[in-house]
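Beneath this line is the structure, given in C-alpha cells, with notes to follow.
Start at 1 and go down the list; that is how both ligands and their atoms are numbered. What you see is a predicted model, and the numbers here were worked out from it, not measured in a lab.
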Amino acid sequence: MNAPTSPASPRPDFAQVPDLAPFRARRERLLARMQAAGGGVAVLPTAPERIRNRDAHYLYRHDSYFYYLTAFREPEAVVVLVAGEQPQQILFCREKNEEREIWDGYRYGPDAACEVFGFDEAWTIGDLEKRLPDYLADQPLVWASLGYDSAWDATVLDALNSVRGKARSGIVPPHSIRDLRAELDEMRLVKDAAELATMRHAAQISAAAHCRAMRATRPGRFEYEIEAELLHAFRSAGSQAPAYTSIVAGGANACVLHYIDNDHLLRDGDLLLIDAGCELDGYASDITRTFPVNGRFSTAQREVYETVLAAQHAAREATRPGAHWNAPHEAAVKVLAQGMIDLGLLQGSLDGVIESNAYSRFYMHRTGHWLGMDVHDAGEYKLGGEWRPLAEGMVLTIEPGCYIRPADDVPEHLWNIGIRIEDDAVVTADGCELITADAPKTVADIEALMREARDG
Ligand SMILES: [Mn+2]
C-alpha cells in the first residue's frame, strides 16, 4: 500500500487496519440484500464525538453498524452504498489537515482512505450535502436509520427534498425510506469467521482479567483496587477499553444489579461479584464471576452458588441450533426455582413458583442477550411473535443469578448473598461453545486459584 503519509504525524501501524476482506464481503452481502428488496442507496454515518465536560471529549467510539461495513474508525465519516447493475461504494471522511493532525494525530483523508479501505470513491465530509442528492437521484429507495440522531435525519431528508426539487428536470426521487438497521441487524446476528476470531480473543483477555482479579482479592482491599486489576489486564493485553462499566460488587452490593460505584471495602466473609469484559477491536466480551473475598465459600454461600452454577449448566445444555431463544432461560429458571424452594426462600411446588413468577423476587433478569460489537448486541429476539430459533454462529451470554436481599421472611444466613455466573457462548453445529471458560467457576477451581495466589 502506498498511502500518502502526512509529515505532520505518522500513519498508524498497519496492524491497526484489520484484514479488510470480511468488511468488503459484508458490503457485498448488504448490497445483494438491498438489491433483492428493490435496490436503492444505503447511507450510514459513524458516531459523533461527544463532549464530557467543557472541552474534554469522551473516548471516541465509532458506530458499530458503520464499523461493521467499513473498518474505518475515524469520526466524521459516512458510507454510501449504491445497489443495482453498477453498484458503488463511497466513503465520506475528514479531509487531510496538517494543522489538526499536529494536535489530534493522523487522519487518512479521502485519497488514502479510498485506497486502503477499498472504496470506489471517497470525498471529504464537507462535500456530503452537495453530493448526496446526486447519489439518490433516480434511485427507488433510500436505506437509512432515522430517529436516532436528529442532525443526521435532517441531512438525509434535506438530500431527499433536494432530489424532489429536481423532478421537473426529469429526475425521479426515491419513493420510500427503508430501515437500514433492520437489514444490518439480521446480518450482525450471525457472526462471520473474522468476528468469531476477534470475539474469542476478547473473551480470553477478559477471562485472564477475571483470574487476575481473583488472585488480587483479599479482605481489606477496596472494590476499585480490584477494578484496577481488571483494567490493567484489559489494556495491557491490547484491548482498547472495557466493553461496559465494570461491576465490582462486594457483599450486599452484589444485590444491586447495575452497581458501578466500586468504592466499598471488601470484607472477610463476603462474596465479590465481578461483571466485566473488555472490548477488543470493536467487539465486546461479557463475563461475571462471583467468589469469596477470603478465598473460601461459606456453607450458605456454596449452597446458593451451586444452585446458580447448576442453572448455568442447564441453560448451556439448552443452547443449540434449532432451540428457541427462550429455551436456555426456561432451563435456568427451572433449576433456580427448585433451588429457591430447597433453600427455604420460596414455598410451594416448582410449577407453582414458576407460574406465579415468585422466583423473580430473587432472579429478576433474563438469562442472556446477544453479544457482538455491542455488549447487548443487535438482533431481534422474536420473529413473527415467536422466540426465534438459535442458529450456528450466533453469540449470546448465559448468565443466571440469584440475589437475596434481607427480609423478615428470608432465612437470615442467606441475607445479602448475590451471585451471577456469566459466560459467552457461540452456537455451534450441534450445541454451543463457551469462549470464556478460562475463567474458573467451580467452587474447587476458584478456591484452588485463590489459595495458590495467597500461599504463593
Ligand atoms: Mn451480560
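With Y148 as the aromatic partner, R181 meets the cation-pi criteria of under 6.0 angstrom to the ring centre and within 45 degrees of the ring axis.
Between atom CG of residue L146 and atom CH2 of residue W152 there is a gap of 9.0 Å, rounded to the nearest 0.5 Å.
Salt-bridge formation is not detected for the pair E183/R178: no Lys NZ or Arg NE/NH1/NH2 atom is positioned less than 4.0 Å from an Asp or Glu carboxylate oxygen. Ion pairing between a basic and an acidic side chain is recognised when a charged N comes within 4.0 Å of a carboxylate O; E433 and R200 show such pairing.
Counting only protein N, O or S atoms closer than 2.8 Å to the Mn ion (ligand 1) gives 4.
Taking the six-membered ring where tryptophan is involved, the planes of Y305 and F297 are tilted, since the angle between them lies from 30° to 60°.
Here H62 pairs with Y67 under the ring-ring contact (aromatic ring centres under 6.0 Å, His included) rule; sequence neighbours left out.
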